[in-house]
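Written out below as structure tokens is the structure these notes cover.
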Amino acid sequence: MIQVPFAIDVKNVVQTLNSSIQFGLTNEEAKRRIQEYGVNEIAENKPKSKWRILIDQFMDSIILILALATFFTFLFSPDLLETIAILIVILITVAIGFIMELQGVRSLESLRKMGVTESTVLRDRQIKRVPSSLLVPGDIILIETGDIVSADARLISVDNLSVKEASLTGESIAVIKNLKILAKNTSLPERSNMIFKGTSVIQGSAKAIVTYTGFQTQLGKIQQMSTTVEEQRTPLEKKLNELSKWLIWLTVIFAILIFFTGYLRGMDLIETFKTAIALAVAAIPEGLPIVATIALARGMLKLSKRKVIIKKMESIETLGATNIICTDKTGTLTEDKMRVHTLAFEDDIWSAIQNEESDFFSQLLQKKSFNSIMMASVLCNNIDLNALDRRGDSIELALIEFAEKLKLDPKKIKESNPEELEIPFDTNSKLMVTLNQNESIGTTIYTKGAFESIVNFCTTILKHGEVQEFVNKNEWFDLVNKLASQGLRVLSFAYKDVTAKPRKEDILSNLTFIGVIGFLDPARDDVKDTIKTYKSAGIKVVMLTGDHPGTAKKVAEEVGILSKDAENNSVLHGQDLQLTEELNDAIKEQLLNALVFARVTPEQKLKLITFYQKNNHTVGMFGDGINDIPALRKADIGIAMGIRGTQAAREAADIILKNDQFTAMELAIKQGRAIFDHIRQFVVYLLSCNLAEVVSVGLAALLILPAPLLPLQILFLNLVTDIFPALALGMGKGEVDIMNLPPRKANEPILTPKLWSSTIIYGLCITAAVVGITAYAHFTLKASPSEINNMAFFTLVLAQLLNVFNMSKTEVPFLSNEVIKNPWIWGAFVVSILITISVYLITPIANVLHLVDLSREQFGWVIVFALGSLGLAQIIKRLGGTF
Ligand code: ATP
């Protein structure tokens, strides 16, 4: 392991690490070093081990209560058979919990693997992309703006590199990097010739040699120090756990009441005690958090197959409540395939020039103004002309391609006009400047950018080969507006010849305006339909762009964000925005009504999101640049593009659209809504079933009827009728009209008052059937207590299974709703019935469950009463009593 790489010459670093700046490591050597140094990973959330999952099942409060109850029961009345039966029930509960949680953990793990980041590395003389986890000390890496550094490395060469190291040092100001050798005692924030894992490249590019990976990196060391990682729980899980806890208390109180009423009535104490305990167990929906986790994880996996990566489980829940989507323009709503479309300089405009032949351009190149525009286009441009795949700003790429179409040689132009200084493009200043040396004049300053940003610095204009006073700024202003209103992205150009390098503050003074280029970037075809879907789903799509209001408006109209006859106040200009803490109602309304915000800065984007959130909106936000990171973090759902987005944006986002399709978000929202609906469905289902068990036993005790349920029967019910249908509900596809309904309100609890009343009504319908058959069998059929108990038990099994069909929406007809059409439900139904029949037929188990032979007529009554409970629930539902 190398010591203090920042304090020695880079050649020494390379030598010590046995590498080569020119060729990189060989593939074999890299493989060997992985064995030696391990993978370059800092396992942040190490997945729970199998043992941990198993132990956690036994720590569950339900299992503990059950175990305690078994112990006491055994102590008071040593019935071995029954004790073994309860122990088996405990084991089955543990096994189901274990399998379900394991499945949840596994799906999360495979999702984590899918989100692996890649690094650009020189290996075996070739530049390639490899998973960052496979970087080893000695690897030569290449980084550029927007990357997250994946290992600690010593810089070999830098080009304007500045890096944000807040993740490491807490310092939010970017650090400018250089190659100077430093003293051995230089502190971490001052190590300017090193880059560190986890930090983000704000600007520039660099080549570096990896010195440390994995836990040897500074980030790794910090991570190791904080060993106790708190277990992450999603808000939904928390809500469900709270619900369960609340129910536990309620049931404990209920169980104590049952015990004392039994005691006061002089009933068998042990039996009453066991009933009370079993009731407590019966009432608690122990499978709830696990079933919910599985539903969420399954949704995430399903989406990942459609190239939508959800990084955090809770995002699924938030997706269902999202009611505003903020999007940028270029690349998200448009193709991001820029082409030069219009030229304007001197007094002429040439449109649709992409169709022109080379003769036309050679004539234009005779003009000094056009020549200068092309010089600025090539020189004031950061596309790496030597790169294998030319990546970078699409507008700059379009300029290089245009120059090449004109048979100019960008490489040669750059070589003969070496760059002395660059002020890179920045979304706040909206311009870029370079100072280039040339033989004839000395130095020329070139700038390109937004018209408003450049025009104020211009005092002269280049016309007919001469520099003239710039008097017709207003005409140019109108022209730029006109081009923008055609949907063109407009770039203005200016220059200045200087004999000596000017002071920084003088660089942009007294510039000579040259002209503008309009770029065509067609709107994406598929976006229009998606925006329509959002509209009918009650989701507002808002465009936030740094571009010209005219361009923004036209694109917004093309994709359907704005209707053609939209009111003027639908488009707001960044400079008119007031986003202070306290806003009056008129401004609030104006902001809430606007659909396009043009010429907005990253700070304004952030403030707008905060404003929406303060006004109770749940905001999704698309972003792809370094500047978007604060807004991506602030938004309830940050969305980054997988291909076009920078690595830093992808890290900050909650959702990554791997194939860069705006339309993919529609799937995610649909899935989010469906999953939340399912969770509600099985919460209502489980709670209503459990309520039925508790109230049935309680009522029968109060009415002095034979006990409809014995403790072990309750446990059996919980295992068979609870889990399978609940899981099956989570497998549903979602109601077809799910995207025609408004989003769920933010902060709405899982169970709204309406859902609570549904739960109670369904629970009481089942209770009516159970108590009904108990009374009927007792008073009319004069059946024996064990027959009565069995009839009540089977009625409960069937009525609970049928209860699953109550979980569909009222608006959808019974025979075509989601639940009826869900094959998993039928599977769960059949499996549960088969298990019940087997239990009835296998004598030893039947004995443990106190099952006796019933006549056909008695079974007939079971079916009648169970169907009756479904019928009753459906009538109340259609009368509007439930959801
Ligand atoms: P969008 O929403 O379309 O993605 P944006 O918010 O990213 O746009 P910016 O890229 O900040 O907008 O561009 C704002 C303005 O800056 C553009 O209208 C253009 O005039 C100018 N501009 C864009 N890219 C460059 C560049 N590479 N060099 C100089 N000026 C540029």
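None of the values given here were measured: they were computed from a predicted structure. Just so you know, ligand 1 is whichever comes first in the structure, and atom 1 is the first atom listed for that ligand.
Nearest protein neighbour of atom 3 (O) of ligand 1, counting heavy atoms only, is Thr330 OG1, 2.4 Å. Considering only non-hydrogen protein atoms, atom 18 (O) of ligand 1 sits nearest to Asp547 OD1, 2.6 Å. Protein heavy atom closest to atom 11 (O) of ligand 1, with residue, atom name and distance, is Thr427 CG2, 2.9 Å. Closest protein heavy atom to atom 13 (O) of ligand 1: Arg489 NH2, 3.6 Å. For atom 28 (N) of ligand 1, the closest non-hydrogen atom of the protein is Lys448 NZ, 3.1 Å. Looking only at heavy atoms of the protein, atom 24 (N) of ligand 1 is closest to Phe425 CZ, 3.7 Å. In terms of protein heavy-atom proximity, atom 27 (N) of ligand 1 is closest to Asp393 OD2, 2.8 Å.
Among the candidates Thr434, Asp497, Asn417, Asn436, the single residue satisfying the side-chain hydrogen bond (donor to acceptor under 3.5 Å, both in side chains) test with Thr444 is Asp497.
For atom 7 (O) of ligand 1, no protein heavy-atom neighbour is found at a distance under 4.0 Å.
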Q.
The test is side chain to side chain donor-acceptor pair (under 3.5 Å); show your working for Ser394 and Asp336 and say whether it passes.
A. CA-CA 7 Å; Ser394 55; Asp336 197 18; 2.5 Å; yes
Q | ring-ring contact (aromatic ring centres under 6.0 Å, His included) between Phe662 and Phe622, intermediate numbers included | A | CA-CA 9 Å; Phe662 178 74; Phe622 279 87; 5.1 Å; yes
Q. What's the verdict on side chain to side chain contact (heavy atoms under 4.5 Å, CB included) for Val378 and Lys414, showing C-alpha distance, side-chain angles and the deciding distance?
A. CA-CA 7 Å; Val378 171; Lys414 281 209 164 186; 4.2 Å; yes
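In this structure a side-chain-to-backbone donor-acceptor pair under 3.5 Å is present from His573 to Gln575. Remark: side-chain polar atoms of Asn371 are paired, donor with acceptor, to backbone N or O of Leu365 under 3.5 angstrom.
Taking the six-membered ring for Trp and the full ring otherwise, the centers of Phe519 and Phe402 sit at least 6.0 Å from each other.
Distances below 4.0 Å separate heavy atoms of Ala450 from the following atoms of ligand 1: 20 (O), 21 (C). Every atom of ligand 1 with a heavy atom of Thr545 under 4.0 Å away is listed here by number and element: 1 (P), 2 (O), 3 (O), 6 (O), 8 (O). Within ligand 1, the atoms closer than 4.0 Å to a non-hydrogen atom of Leu491 are 19 (C), 20 (O), 21 (C), 22 (N), 30 (N), 31 (C), numbered from 1 in the order shown.
Between Ile395 and ligand 1, no N or O atom pair is found at a separation short of 3.5 Å. In terms of polar-atom proximity, defined here as any N/O pair under 3.5 Å, Asp328 makes no such contact with ligand 1.
Taking a 4.0 Å cut-off on heavy atoms, Val490 registers as neighbouring ligand 1. Heavy atoms of Arg599 approach ligand 1 to within less than 4.0 angstrom.
Considering only heavy atoms from C-beta on, Lys540 stays 4.5 Å or farther from His617 through its side chain. With contacts defined as side-chain heavy-atom distances shorter than 4.5 Å, the pair Glu603/Asn428 qualifies. Inter-residue side-chain proximity for Thr443 and Lys501 is flagged as unmet; no heavy-atom pair is nearer than 4.5 Å.
In this comparison of Gly546, Gly574, Pro424, the heavy atom closest to atom 12 (O) of ligand 1 sits on Gly546.
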